[in-house]
2 protein chains.
Amino acid sequence: MTPNKEDFIKAIYELGGDQNVVTNKALVNQLSITAASVTDMNTRLLKEELITHIPYQGVKLTEKGSLIANQLIRKHRIWEVFLSEKLGYDWNEVHADADLLEHASSDLLIERLNQFLEEPTFDPHGGVIPNKDGTIPDIESTPLIDVSLGSSFKIKEVDDQQEFLEYLLFKEVQLGKEYTLVDIEPYDGPLTLETDSGDRTILGHKAAFKILVEII
Amino acid sequence: MTPNKEDFIKAIYELGGDQNVVTNKALVNQLSITAASVTDMNTRLLKEELITHIPYQGVKLTEKGSLIANQLIRKHRIWEVFLSEKLGYDWNEVHADADLLEHASSDLLIERLNQFLEEPTFDPHGGVIPNKDGTIPDIESTPLIDVSLGSSFKIKEVDDQQEFLEYLLFKEVQLGKEYTLVDIEPYDGPLTLETDSGDRTILGHKAAFKILVEII
DNA sequence: AAATATTTTTAGTTTAGACTAAAAATGAAA
DNA sequence: TTTCATTTTTAGTCTAAACTAAAAATATTT
Ligand SMILES: [Mn+2]
Ligand SMILES: [Mn+2]
Ligand SMILES: [Mn+2]
Ligand SMILES: [Mn+2]
C-alpha cells in the first residue's frame, strides 16, 4: 500500500463507492488527475482485489477496499481532532495536515493517540470517526434543507471543504450551536436562522445541503 | 523533495557529512541499499546542489543540504518527544514512528507541536533538537569512556540504536541518572558504575563509547 | 437515425527509485 | 610491483505513478 493508492481508495469511498458504482469522471474531478491515470490506478487496485470494475461504467470497493478506506478515514479524523484540540488549529486548517499524517501513522500510534484524545466520536466538523474494526457508529441527523419552518435544531456536521468551512467560520456557524428556522424563501431561496438571543443568520439554499442537524 | 531523498541526506549528515567526506560504502551500510543505488541518489542530489561529490571518494553536504538535514532532525526529535511524553512510548519505541512522521510534517505543524511540548531542548535519548533556523544549541558533554576513575557524572545522551536502548532499559541506565565510576578493567575491559545508594552497574567497553555524560 | 459530444480505454512516454551484473578504479597484500 | 580484494561506477532492467495523444465505446442532440 502507498499514500497514492490509499488516497485513491478513500476518494472512491467518499464518492459512495462502498455502495454504488463510481465513474472515472467523478474520480478525475475528485483527485485532479487525468482519465488515463484513473484507468491505470483502477487496473492496479483490481489486481489487488480492492475494487470491482465494470468496463465503461466505473468501480466499486470490495469488502477489503472498504475496510482500508474506513481505517484511513479513522486515522484522518483522529489526527484532525488532535490538530484542533491540542494544537489550536481552526476547523478549516486541519484537513491538509491530516491528509499527510494519515499515511504516516502506525496502528499503535493511532491507538495511543486515540487514548490520549479520550476516544473522540467526532472530528472537528462533526464527521463520525470509524471504529478500529472499520464499522461506523450510526448517528441520526437531518440535512438542514429538510428542516421544517419553525423547528429548532442543533448543528451536528458540516461539509469538509476548505472554503465552506471558512465561510461558516465567517458566518459564526459552529458545531453544537442551536437555532430556530424562522424563514425559507421559495424558488431555492435563502434560509433564515435565529438563535435564542435573537441573532439572525441567513444561509443560501446550497449551503443548507451541506449542513446536518439534530432536531430538538 | 521526497521522503527517500530526505532520509538519504539525513544519513549523510549522521555519518558526519556536514564536515567530512562520507563514502558510498558507509551509506550502503546505513541505509541497507546497494552501492549502485547510492551512486544513483548521489547524482540526483548533486544535480540539486545538496551535496558535493569527489569521484571514488564520497560525498559531503552543501550548506543547503546541511540545512535540510538539520530541519529533518528537528522534526524527527520533536516527534520523539511527543511520542514519549504524551503517548507514553518507551525511548526505544519512538524512533520508527518518528522516522515516518518527520516526512509528513508541515512547518506550521512542527512549530505548533513544539509550542504544545513547551519547546523541548532534548529528545528522549538526549539528542539536542536543532533550532528552527538549522543552527544547533551546543551542549558540553563527555563520552563515558573518557571519564577518569573516581569521577561522578550524570547521563546526558545515549546512542539512538533500537537494541542499545533496549539494553539500557534493561540495565536501568536512564537520562539524568547520576553515577560514580568506581572501576575500569584494562585491555578494553568493563566499567563499573555506582549510584549514591550503592547500586552497581557493569557496562562493556563499547557501550561506554555510546554514552555521553556531564561530569559533576 | 445520424451526427456530435463525452467518457473510457489503449498505447506510448517520463521520472523517481530501486535492483543485478559487469567494468573500472582504488587500496591492500604478497 | 604485481596480484588480489574492495569499492565505485556504468549499463541495463523493473515497478509505481504520473502524463499526452489517439482510438474506441457510450451518451446526447439534432
Ligand atoms: Mn478532513
Ligand atoms: Mn491523504
Ligand atoms: Mn530517532
Ligand atoms: Mn525518515
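Chain A is the first sequence line, chain B the second, and so forth, proteins listed ahead of strands; every chain is numbered from 1. All figures in this text were calculated on a predicted structure; none of them were measured in a lab.
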Within this structure, what is the CG-to-C1' distance between L45(B) and dG17(C), rounded to whole angstrom?
-> 12 Å

Minimum heavy-atom distance between I68(A) and L50(A), given as atom pair plus value = CD1-CD2, 3.6 Å

Please find out if less than 6.0 Å separates the ring center of H95(B) from that of H125(B).
-> no

Is a side-chain donor or acceptor of S37(B) paired with a backbone partner of I33(B) at a separation under 3.5 angstrom?
-> no

May I ask you to check if K206(A) and F164(A) form a cation-pi contact, with NZ or CZ under 6.0 angstrom from the six-membered ring centre and within 45° of the axis?
-> no

Terminal contacting nucleotides, 5' and 3', DNA chain D versus chain A (heavy atom, 4.0 Å) | dA17(D) to dT26(D)

Heavy-atom donor-acceptor pair, S141(B) side chain to E214(B) backbone, under 3.5 Å | no

List in chain and number order the residues that pass salt bridge (charged side-chain N to carboxylate O under 4.0 Å, His left out) with E102(A), two or more places apart in sequence or in another chain; answer none if no residue qualifies.
-> K10(A)

Sorted by number, the residues of residues 46-61 of chain B with heavy-atom contact under 4.0 Å to DNA chain C = Y56(B)

May I ask you to check whether over 12 heavy atoms, not counting those of E163(B), lie within 6.0 Å of atom CD?
-> yes

Is the closest side-chain donor-acceptor distance between E166(B) and Q162(B) under 3.5 Å?
-> yes

Taking atom types as modelled, is there a side-chain donor on D18(B) or S66(B) under 3.5 Å from an acceptor on the other?
-> no

Residue-level proximity of residues 30-37 of chain A to DNA chain C when a heavy atom falls under 4.0 Å | A35(A), A36(A)

What is the distance from NZ of K5(B) to C1' of dA18(C), rounded to the nearest Å?
-> 14 Å

Cation-aromatic face contact K86(B)/F82(A), 6.0 Å, 45 degrees = no

Report yes or no: is the cationic atom of R112(B) (NZ for Lys, CZ for Arg) under 6.0 Å from the centre of the six-membered ring of Y89(A), at an angle within 45° of the ring normal?
-> yes

Using modelled atom types only, decide if a donor and an acceptor are shared between the side chain of D159(B) and the backbone of Q161(B) within a distance under 3.5 Å.
-> yes

Can you check whether R44(B) has a side-chain N or O nearer than 4.0 Å to OP1 or OP2 of dA16(C)?
-> no

How many Å lie between CE on M41(B) and P on dG17(C), as a whole number?
-> 5 Å

Can you name the residues that form a salt bridge (charged side-chain N to carboxylate O under 4.0 Å, His left out) with K210(A), not counting sequence neighbours?
-> none

How would you label the contact of D40(B) with the nucleic acid (heavy atoms, under 4.0 Å): base, sugar-phosphate, or nothing?
-> base

Looking at DNA chain C, which of residues 11-19 of chain A put a heavy atom within less than 4.0 Å of it?
-> none

